[in-house]
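Just below is one structure, and these are the notes that go with it.
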Amino acid sequence: MNYLDNLNDRQKEAVICDNGPMLVIAGAGSGKTRVLTSRITWLLDQQKASPWEILAFTFTNKAASEMKERVVETTGAENAPPWIGTFHATGVKLLRREYEAAGLEQNFVIYDTDDSTRMIRQIMKDIGIDKKQFAPKMIRNKISSWKNEDIDPVQANDEAVDFRDEKIASVYEIYESKMRQSNALDFDDLILRTVKLLHDDDAVREKYASRFKYVLVDEFQDTNPLQMLMISMLSSYHNNLFAVGDDDQSIYSWRGARIENMLNFNEYFSGAGLIKLEQNYRSTGNILNAANAVIGHNKSRKGKTLWTAGDAGVPLRVEQLGDEEDEAALVAEIIQNESDKGRRRGDITILYRTNAQSRMLEDSLRRASIPHQVVGATAFYERREIRDILAYLKIVNNPADSVNLGRIINVPKRRIGDATVEKLLAIASENQLTPGAAAAQSGLLESDLPGAACERLRQFFSMIESWRLMQDELSVPQLVEKIVEKTGYLDHLESDDPTTSPARSENISELINSAYAFDEASDGGTLAQFLEQTALTGDADTIEDDQGVVRMMTVHAAKGLEFPFVIIVGVEENLMPHASNLDDESNLEEERRLFYVALTRAEQHAVLLHARMRRRFGQRDLCLPSRFLSEIPEELVDVKEIAIKKPTLSSFLNSTKLQKRSRPAVDVFRDDVSQVDGEYFEGQQVIHPSMGQGKIERVEGSGENTKLTIDFPGGVRKHYLAKYAKLSTID
């Protein structure tokens, strides 16, 4: 029983609680994992259940492995519960055992995302759907969304609101038929088919619900509706559900998680008990008090107050910088100062709201020779969309670059296949010409390629050559913008995968920012110099000594982790909270929860940085400090004056250009309808060439950098750069 000696009173109360449903609200750093594993150990130790009568759900395989290991350490390998695992793993195990009742063959196969997409691509080919209009990944994501809402093909077709949904529903119907013929399940099926089996087959449901005397769930706030049904049915016989989570850390609604599962726990499970774990073993008092004050502004929460028996610690450091370059420079300076004091770089972590923010930080750390690692995401210059645009630039710079030619000659789609490219390269090599020169030479390609293919190749290389001739006329950032515009790359991102398009478009915007920053710093440097800089910045070293590496990640990726020294950048309106979530109270509350998660990652030091202005699509916009900063009590923070490091920044602040662009940024709290440059305004009806009629919900920026958020029928929301959107207005 010595495992109970290491628990505080509230933790022990949770571990040895009576039978029945119990919700344990475990605040950040309150020992959630220890309580869960101790609960399982206690059930086994007290012979409340045998190992195979305990079912525990986790959200990652790593968490499941750690839970098993901790139980084994205390009870021995022979007592390791076999039903500890993720929802998907549990679904597979149950379906393997009950395959006949589920209408499956015992040896059913599991299709991963790539398998599913490949099947969808073949279906589209068979029924004549153009991949340029309907991207296979987009269709797969829509089918996945339907499955997670338990919408079958017939219902999807009945509820289709436009031509697009009808087409996807037709693919969905064939997809399901082919999946059955292939005896296959995709990832979504592993939970959906399990839920359907438990719901439709009383005998199977009672068999497993009666077997599992105790059901435990980790990270309960992250459950979606189907997972909730799975939990409810498997705990229905004994009614011993032990759910552990933190409603204040519910930050995954975009993945289907529902905070209501925690908030309405008593309605779902009658007579449920409630225990709050509020003692924090991670952070100092000042950090906890700041986090409590901020999250207290949310209305949709159970309510708790974190506290620590430890010291108050140092105040939170809040500092305003001139722009994102100053911010990144200060981050490097802080890290270097802490290193000089003897702190390990591995103790320091940089958190940001969007992946696009990492580029400037990576550049700054690289220049300062500070080893760093981007966690949970690809390094900025390694991201697919960034490599695509850089590939165009490299071909413009070096026409003989066949490697980068192969990457983008058909991106966006131009109906230039791999076989055509192979023949082109062979002809060019045989005649000792660059691919572009070979394509331009009249009659050279016709002997090996169809006339239509020759024409498409010549159109592509004509476009490349036009950019080569523009190098003396255009700056590097102007050339980047020209390539993005003329290739229709942003439209390509939207058609490729609408769910990731906004984030990937932000990365393109950040690349343009990088080009403008380079142009200013180098006084109009050349394309070759820019490509050399990006190559050096993107050449990440493999560092084995974790304690010598500064980590960088989004706040979403940091959930569940803790670090001695945390630097949170971009604590501004439109970033944290993000602009896409300002118009909905529930979304804004999730943004506040995200900031709460960021704060509670810090053990000893929390530094919060925000910029007075930030580049967006190559231009500088004024920024407002995040509303969340004003929610932190003044006595908990050490506020620094604005830091302006570049000598030209002061004059820029007073420039006419900035003053003209300041209104949209400072009007962020206004709810009234505004008009930008007399062209687009909120509430305006417009027609998009492929999406049809829609209503403008938000206008950001001005002039050529105007960004529009448009709502279309069926609850579809799209984001466009106005100059690329090809909109027509309705008077």
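The analysis underlying the following values was restricted to heavy atoms, covering all of them including side chains, and did not include hydrogens, waters or symmetry mates. Fair warning: this is a prediction, and the values are worked out from it, not measured in the lab.
How far CZ of Arg387 is from CZ of Arg407: 5.0 Å, rounded to the nearest 0.5 Å. A distance of 8.5 Å separates OG of Ser429 from CG of Leu425, quoted to the nearest 0.5 Å. Distance check, rounded to the nearest 0.5 Å: CG of Leu445 to CD1 of Ile427 gives 5.0 Å. To the nearest 0.5 Å, atom OG of residue Ser626 and atom CD of residue Glu573 are 5.5 Å apart. Atoms OG and CD1, from Ser116 and Ile143 in turn, are 8.5 Å apart once rounded to the nearest 0.5 Å. Met552 contributes atom CE, which lies 10.5 Å from atom CD of Gln373 (distance to the nearest 0.5 angstrom).
Between Ser514 and Phe530, the closest side-chain pair of non-hydrogen atoms falls below 4.5 Å. Put simply, the side chain of Leu449 reaches to within 4.5 Å of the side chain of Leu457, judged on heavy atoms. Under the 4.5 Å side-chain criterion, counting only non-hydrogen atoms from C-beta, Asn410 is not in contact with Phe460. In this structure, the side chains of Ile139 and Ile123 stay at 4.5 Å or more apart for every pair of heavy atoms. For the pair Phe461/Leu424, a side-chain contact is recorded, criterion being any heavy-atom separation below 4.5 Å from C-beta on. Residues Asn574 and Asp621 are not in side-chain contact: their nearest non-hydrogen atoms beyond the backbone lie 4.5 Å or more apart. Looking only at side-chain heavy atoms (C-beta outward), Val569 and Leu351 stay at 4.5 Å or farther from each other. The shortest distance between side-chain heavy atoms of Lys413 and Ser495 does not fall below 4.5 Å.
Minimum interatomic distance between His556 and Arg353 (heavy atoms only, all atoms of both residues): CE1-NH1, 3.9 Å. Contact detail for Ile350 and Val331: the closest heavy-atom pair is CD1-CG1, 3.5 Å. Smallest separation of non-hydrogen atoms from Arg601 and Gly560: NH1-N, 3.3 Å. In plain terms, the two heavy atoms of Ile168 and Lys142 that are nearest each other are CG2-CG, 3.9 Å. What you find for Glu324 and Ala611 is that their closest heavy atoms are N-CB, 4.1 Å. The shortest heavy-atom contact between Ile386 and Ile508 is CD1-N, 4.2 Å.
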Decide yes or no on salt bridge (charged side-chain N to carboxylate O under 4.0 Å, His left out) for Arg458 and Glu446, but give the supporting numbers first. CA-CA 12 Å; Arg458 291 193 175 103; Glu446 273 74 3; 3.0 Å; yes
Steps toward side chain to side chain contact (heavy atoms under 4.5 Å, CB included) verdict (Glu333, Gln336): CA-CA 5 Å; Glu333 180 182 311; Gln336 194 59 59; 5.8 Å; no
Evaluate the criterion side chain to side chain contact (heavy atoms under 4.5 Å, CB included) for residue pair Met553 and Leu561; output intermediate values, then yes/no. CA-CA 11 Å; Met553 66 190 79; Leu561 305 177; 4.1 Å; yes
Pair Met470-Gln478, side chain to side chain contact (heavy atoms under 4.5 Å, CB included): steps then yes or no: CA-CA 10 Å; Met470 291 180 185; Gln478 289 173 331; over 6 Å; no
Yes or no on side chain to side chain donor-acceptor pair (under 3.5 Å) for Thr709 and Glu697, after CA distance, side-chain angles and deciding distance? CA-CA 5 Å; Thr709 298; Glu697 290 298 322; over 6 Å; no
Would Tyr680 and Ile710 count as a side chain to side chain contact (heavy atoms under 4.5 Å, CB included) here? Give the steps. CA-CA 11 Å; Tyr680 296 110; Ile710 305 176; over 6 Å; no
Given side chain to side chain donor-acceptor pair (under 3.5 Å), test Gln357 with Thr354 step by step and report yes or no. CA-CA 6 Å; Gln357 292 171 257; Thr354 67; 3.2 Å; yes
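Atom CG of Asn337 is surrounded by more than 12 heavy atoms from other residues, nucleotides or ligands within 6.0 Å.
Remark: side-chain polar atoms of Arg345 are not paired, donor with acceptor, to backbone N or O of Pro371 under 3.5 angstrom. Listed for the Arg612 side chain is no donor-acceptor partner under 3.5 Å among the backbone atoms of Gly322. Under a 3.5 Å cut-off, the side chain of Thr420 and the backbone N or O of Ile416 do not form any donor-acceptor pair. Within the 3.5 Å criterion, the main-chain N or O of Ala579 finds a donor-acceptor partner in the side chain of Arg698. Looking at Gln471, its side chain never comes within 3.5 Å of a backbone N or O of Leu527 through a donor-acceptor pair.
Asn513 and Glu510 share a side-chain donor-acceptor pair at under 3.5 Å. Side chain to side chain, Asn355 and Asn507 fail the donor-acceptor criterion of an N or O pair below 3.5 Å.
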Could you pull out all donor-acceptor pairs under 3.5 Å where a side-chain atom in residues 389-399 meets a protein atom, sequence neighbours excluded?
from: Tyr392; atom 1: OH; to: Ile408; atom 2: O; distance (Å): 3.4
from: Tyr392; atom 1: OH; to: Val411; atom 2: O; distance (Å): 2.4
from: Tyr392; atom 1: OH; to: Arg414; atom 2: NH1; distance (Å): 3.2
from: Tyr392; atom 1: OH; to: Arg414; atom 2: NH2; distance (Å): 2.6
from: Asn398; atom 1: OD1; to: Ala400; atom 2: N; distance (Å): 3.2

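A salt bridge links Glu465 with Arg468: at least one charged nitrogen is closer than 4.0 Å to a carboxylate oxygen. Here Glu506 does not pair with Arg614 in a salt bridge; the nearest charged N to carboxylate O distance is not below 4.0 Å. Ion pairing of Arg504 with Asp496 is present here, as a side-chain N (NZ or NE/NH1/NH2) and a carboxylate O approach within less than 4.0 Å. Salt-bridge formation is not detected for the pair Asp388/Arg384: no Lys NZ or Arg NE/NH1/NH2 atom is positioned less than 4.0 Å from an Asp or Glu carboxylate oxygen. With respect to the salt-bridge test (charged N to carboxylate O, under 4.0 angstrom), the residues Lys482 and Glu473 do not qualify.
With sequence neighbours left out, the ring pair (Phe, Tyr, Trp, His ring centres under 6.0 Å) criterion links Tyr489 to His492.
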